[in-house]
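Sequence lines set the chain letters: A, B, ... in the order given, protein chains first and strands last, and positions in each chain run from 1.
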Amino acid sequence: MFAYVVKRLISGVLVLTLVSMGIFLLFWFGPSSPAQPICDRETSNRCTQEKLAVYEKTLGYNNPVYEEYGKFVKGVFVGRTLTIASNEYPCAAPCLGVSFRTKQPVKEELVSRIPATFSVAIGGAFLYLLFGIPIGVAAARRRGTVADKALVSSFLFISSIPYYLFALLTWLYLTITFEVPLFSDTGYFAITEYGPFKWFSGLFLAWVALGIFGCTQYTRFTRGAMVEALSEDYIRTAKAKGLPSRTIVYRHGLRAALVPVVTIFGIDFGTLLAGTIFTERIFEIQGIGWWSLEAVQGRDLPVVMATALFSAVVLIISNLLVDVIYSVLDPRVRLS
Amino acid sequence: MTSVPMTQSSAAERDQHEGPFLQVENLKVTFPTQDGPVTAVSGLTYSVEKGKTLGIVGESGSGKSVSSMAVMGLHDAKSAQISGSIRVGGTEVVGLSESHMRGLRGNSMAMIFQDALAALHPFYKIGGQLEEAYLVHHSSASKRDARRKAIEMLDRVGIPQPDRRVDDFPHQFSGGMRQRAMIAMGLINDPSLLIADEPTTALDVTVQAQILDLLQDLQREFNSAVIIITHDLGVIAEMADDVLVMYAGRCVEYGTAKQILTSPEMPYTWGLLSSIPDVTASTDARLIPIPGNPPSLLRPPPGCSFHPRCVHSSKVAGDLCSTELPELLPASSGTAHLKRCHLTDPVGVYRSEVLPEIAPELVEETR
Amino acid sequence: MTQDPNAQAQIEPTELGANAAETGDRQLTDETSDAYGSHEVGVGNLDFATVAEMGHTATQLDPLAPAVLSVDNLKMYFPVKSSGVVRRTIGHVQAVDGISFEVPKGGSLGLVGESGCGKSTTGRLITRLYKPTGGSMMFEGQDLAQLNNKQMKPLRRDVQMIFQDPYTSLNPRHTVGAIVGAPLEVHKIVPKNQVLKRVQELLEVVGLNPEHYNRYPNEFSGGQRQRIGIARALTLNPKVLVADEPVSALDVSIQAQVVNLLQDIQTEFDVSFLFIAHDLAIVRHFCPEIAVMYLGKIVEIGDRETIYGRPHHPYTQALLSAVPDVKQAAIGGRRERIRLEGDVPSPINPPSGCRFRTRCQFAQEICAKVEPPLLQIGQRHKVACHFAGELGAHPATPVTTALLGVDDQGSPVSGAAPTNTQLTIPGYEETWYDLKTRQTTGV
């Protein structure tokens, strides 16, 4: 197990290296100069060739790409000082660069946005698991009945709505049309600053949107996995032993059905933690998702790079965790 | 656990009860489907005494497993309609409430299944699964008692180092050991009726022999009534006292193993005998298949269900075979031997036509 | 939803004897399209004598048939990797370890043994689904073991495989015509416009309705699917068919239909079979010659009468005694049997010397020290045992000592050189080692 985790972490570092190289190269050989966005911004769209040349020179875009990548990697480990035009910006390790827009080290803003994104993700996931799994189990036990069919088709309907539309409608109805008073002021309010109630009420609608949407999906996953598990031979054995049906369904059926659900959840949750662009944008939560959206729109290259690397790290770790949990849940799986 | 007082009463009943431990009368099992009702078993009557073994033979879809699952009450009440009578140790179980049924299941009757790897839960330790089977019917027992009992049973079925292997998962056992563990689980509550559904089908012959030995030893020790479901007539010959041959949900021949296998009177039984080669048979014996496939239970053929595949129906006058279902009547070799066939002289046909082709060496002997 | 108009006409016997099964099988196909098909199209006009005539007796041995496939010292070791950051090869599963045999032209060799003995691996080696670790497989002057994939391609036509599970070995998204015709297109043997004709011919041969070429596998029953698998294997007119448990997934009555079909095909097309099965009775019926495998080795090989009538290896004897016998019903109770304790040892670390010794009641010191050679002890009989003998007549002292140059405990005797040279040849010699006289004799 330990050796396996080490091996996976090593391959994870390799993936990160490749991802960072890939993004670096994309910028470097992109259609316009990588210095163009910052030049435009600093000169209020009056960027001339001369000015651009200054930016390119100070940002090191005249140097060979491997040299600059080397500097970037070195910055991650020991920190560096970046020069943009005539100004110097110190950037402590682990340095991911300086935002072109705010001139702040990217890492600091990234760290400051993590709590918002994680709050959204954990709350939403908690809600959809809390409802999705039991509803899925209940539907599987009643499969083929009218209730089951109605549930499955209505959930299928909801989950076939594009999520951005669904989230937007949730926001629209609950804050504008009905003006639900407590939760209308959406956004991320740190507990430490605003207290738990404000934190909760600010995030509540985002959780509801994520929770309902995810619940429809997890109900279907769970139902499918449960139907399959309940048709297994060992369920018949459990029944033949004279076990009560609760024990059969939960201890024997659900235990087996959880394995595929956990696998899907691991990947899903990783994506949530890496930032939920629509949720954060619609409910005005200052998380990583929204930030990356802004960075793309503002061509803030260091931030785009940082958010991409952050998603890669989160996904690598969540994948590893899924595999470890998988081996714990299913004794037949041996990690090697 | 609500099952305790009831368990004790059924155990008491079990001891007082006289006559065959299991009596099945006129059993009918129907599954409603979208295309109409499928009658998987109909008009099935048999009984098994303690200490005796009944072998049920038939192909897939013949109803042999369905009928045994009905005895165990394993069919979903919503999807199966069961009528007739099943008396287990004197208790009528058709229509018995689920909670009462649960008290009998795994307690006074147990079932072991074909594929032990699939039938044991892959995520729980062997010991845990045995303990669970014990505890559900012994609510006053402690976890430690259950564990001791589990180890004792594993030891009894011949698993080496049971105190260590009790903590293994099913996939860490070999095929034969898994089937032993399955048997240990079935017998942990000392059932009076054990139903073994194809217990050795997936196993190698030497392992099969070990498991069959074990089943016989245990039957002698526990004096239980045993039903063994199989398609292997060799297993039947060596294990069963009585044999029930099923085709398309009905009993087509019933008798002692000797009657069924040495003087069968129903063409389907002949077909089964002629379509399996034998390790000791003459090499002049022909392998004669039963033509065609088993019929659809959704719309079974009228008359005798076997008539579309029967190569002897021309010996029956008129179109009796395709219009009238033959009664299950006493055969010529004895009153306990029943057969469902219109042939008037089955013994003659078997001796003069079938036997010379499938076992020429036996014809010599009988002459 | 139409009744097949040809159904009645097809009951007429064809030159191939499979028609009884054929009509029956079609019946079920019709049933899927017609509610009452199963009994409207009956076999009622077939009487027992006709059906019996179409059933086959056991295949007979042709002792003069030349070998079509000659396997010599074939080995397959699968590497076992360590867990850990760096995965090293820490051992090998010796799935097949030095086996030699011949498959006669137009004949069949049966390969029996319990799960894990290497019989299926052997089949996969011959069809070159695996590349052997060592040894040779001579087929028409070429060594299949040495050829690369490109060189193998023309020969793959000649060596085909029939698989066990008719439910998973056919692609459910392809029609029967596509499945059976695919090899024709891959090997470009027939012009495209004649593929269908050939496919229909093949379906006819295996007793399926040729009109059903555009149906999908799920519309057929298990027995019919196995027929499709057989048709596919026959498509390229193979010379050798490897049948790996071809009937064990089928119902009893259907098994006999398929075995009869395989016998028909063998006589009709002069195909040689390597017939792999764990069902000793089926193998006995189909194969005049049988090899018994245990833990990657052939322990005994010989003709049917010898292997089933006078087996000399304790494992063969145990295996045969374990088969339940229908005839026992006349006597009642269980047959006398040789009980084998425990399970087959791991092929990663097999026992030294004789691999069966850990479960053998006759094992002595020599068995752990020296591996018994597969010694020819009769005209068509080889056995690998130091104490080879008929049941109840196993010798007290090892029979192999003189040949191997060792004493009764298996220690080398100084000065005594091994004399036997015929230990691993694939076929049989004119002369053999007589167990009674302990001398080499001949016909």
> Do any of residues 54-61 of chain B have a heavy atom less than 4.5 Å from a heavy atom of chain C, and if so, which, in residue order?
B:Glu59, B:Ser60
> Which answer fits C:Glu114, side chain, backbone, both or neither, if we ask what part of it has an atom under 4.5 Å from a heavy atom of chain B?
both
> Select one option (side chain, backbone, both, neither) describing which atoms of B:Val354 are under 4.5 Å from chain C's heavy atoms.
both
> I'd like to verify something: which residue of B:Ala257, B:Gly175, B:Ser174, B:Pro160 has the highest number of heavy-atom pairs under 4.5 Å with chain C?
B:Ser174
> Do you know the tightest heavy-atom contact between C:Val51 and B:Pro289?
CG1-O, 3.9 Å
> Using heavy-atom distances under 4.5 Å, tell me whether B:Leu212 contacts chain C through its side chain, its backbone, both, or neither.
both
> Working to the nearest 0.5 Å, report the span between CG of B:Leu203 and OG of C:Ser115.
8.5 Å
> Distance from B:Thr206 atom OG1 to C:Ile338 atom CD1, nearest 0.5 Å?
11.5 Å
> Sort out for me which of B:His231, B:His312, B:Glu357 touches chain C most, counting heavy-atom pairs under 4.5 Å.
B:His312
> Is there a donor-acceptor pair closer than 3.5 Å between any side-chain N or O of C:Gln328 and the backbone N or O of B:Gly234?
no
> Write down the atom of B:Ala209, the atom of C:Arg337, and the distance for their closest heavy-atom approach.
CB-NH1, 3.5 Å
> Side chain, backbone, both or neither: which part of B:Gln259 has an atom under 4.5 Å from a heavy atom of chain C?
neither
> Please report the interatomic distance NE2(C:His285) to OG1(B:Thr283), rounded to the nearest 0.5 Å.
10.0 Å
> Atom CZ in C:Arg339, atom CG in B:Asp213: separation rounded to 0.5 Å?
3.5 Å
> Could you look at B:Glu353 and say if it's the side chain, the backbone, both or neither that has a heavy atom under 4.5 Å from chain C?
both
> Measuring only between side-chain heavy atoms, which start at C-beta, is C:Glu53 closer than 4.5 Å to B:Arg286?
yes
> How far does CG of C:Asp251 sit from CD1 of B:Ile290, to the nearest 0.5 angstrom?
9.5 Å
> Check C:Asp325 against B:Ala237 and note the closest heavy-atom contact, atom names and distance.
O-CB, 3.4 Å
> Is there a donor-acceptor pair under 3.5 Å between the side chain of C:Arg284 and the backbone N or O of B:Ala281?
yes
> Quick one: closest heavy-atom pair of C:Ala256 and B:Leu287, and the distance?
CB-CG, 4.0 Å
> So which residue, C:Ala58, C:Ser321, C:Ala329, ends up with the most heavy-atom pairs under 4.5 Å with chain B?
C:Ala329
> If you look at every heavy atom in C:Phe48 and B:Lys315, which pair is closest and at what distance?
CB-NZ, 4.2 Å
> Pick one of side chain, backbone, both or neither for C:Tyr308, based on which atoms fall under 4.5 Å of a heavy atom in chain B.
side chain
> Please report the shortest heavy-atom distance between B:Asp284 and C:Thr57, naming the atom on each side.
O-CG2, 3.1 Å
> Less than 4.5 Å apart, any side-chain heavy atom of C:Pro324 and any of B:Met239?
no
> Tell me, side chain or backbone of C:Val259 under 4.5 Å from chain B's heavy atoms, or both, or neither?
side chain
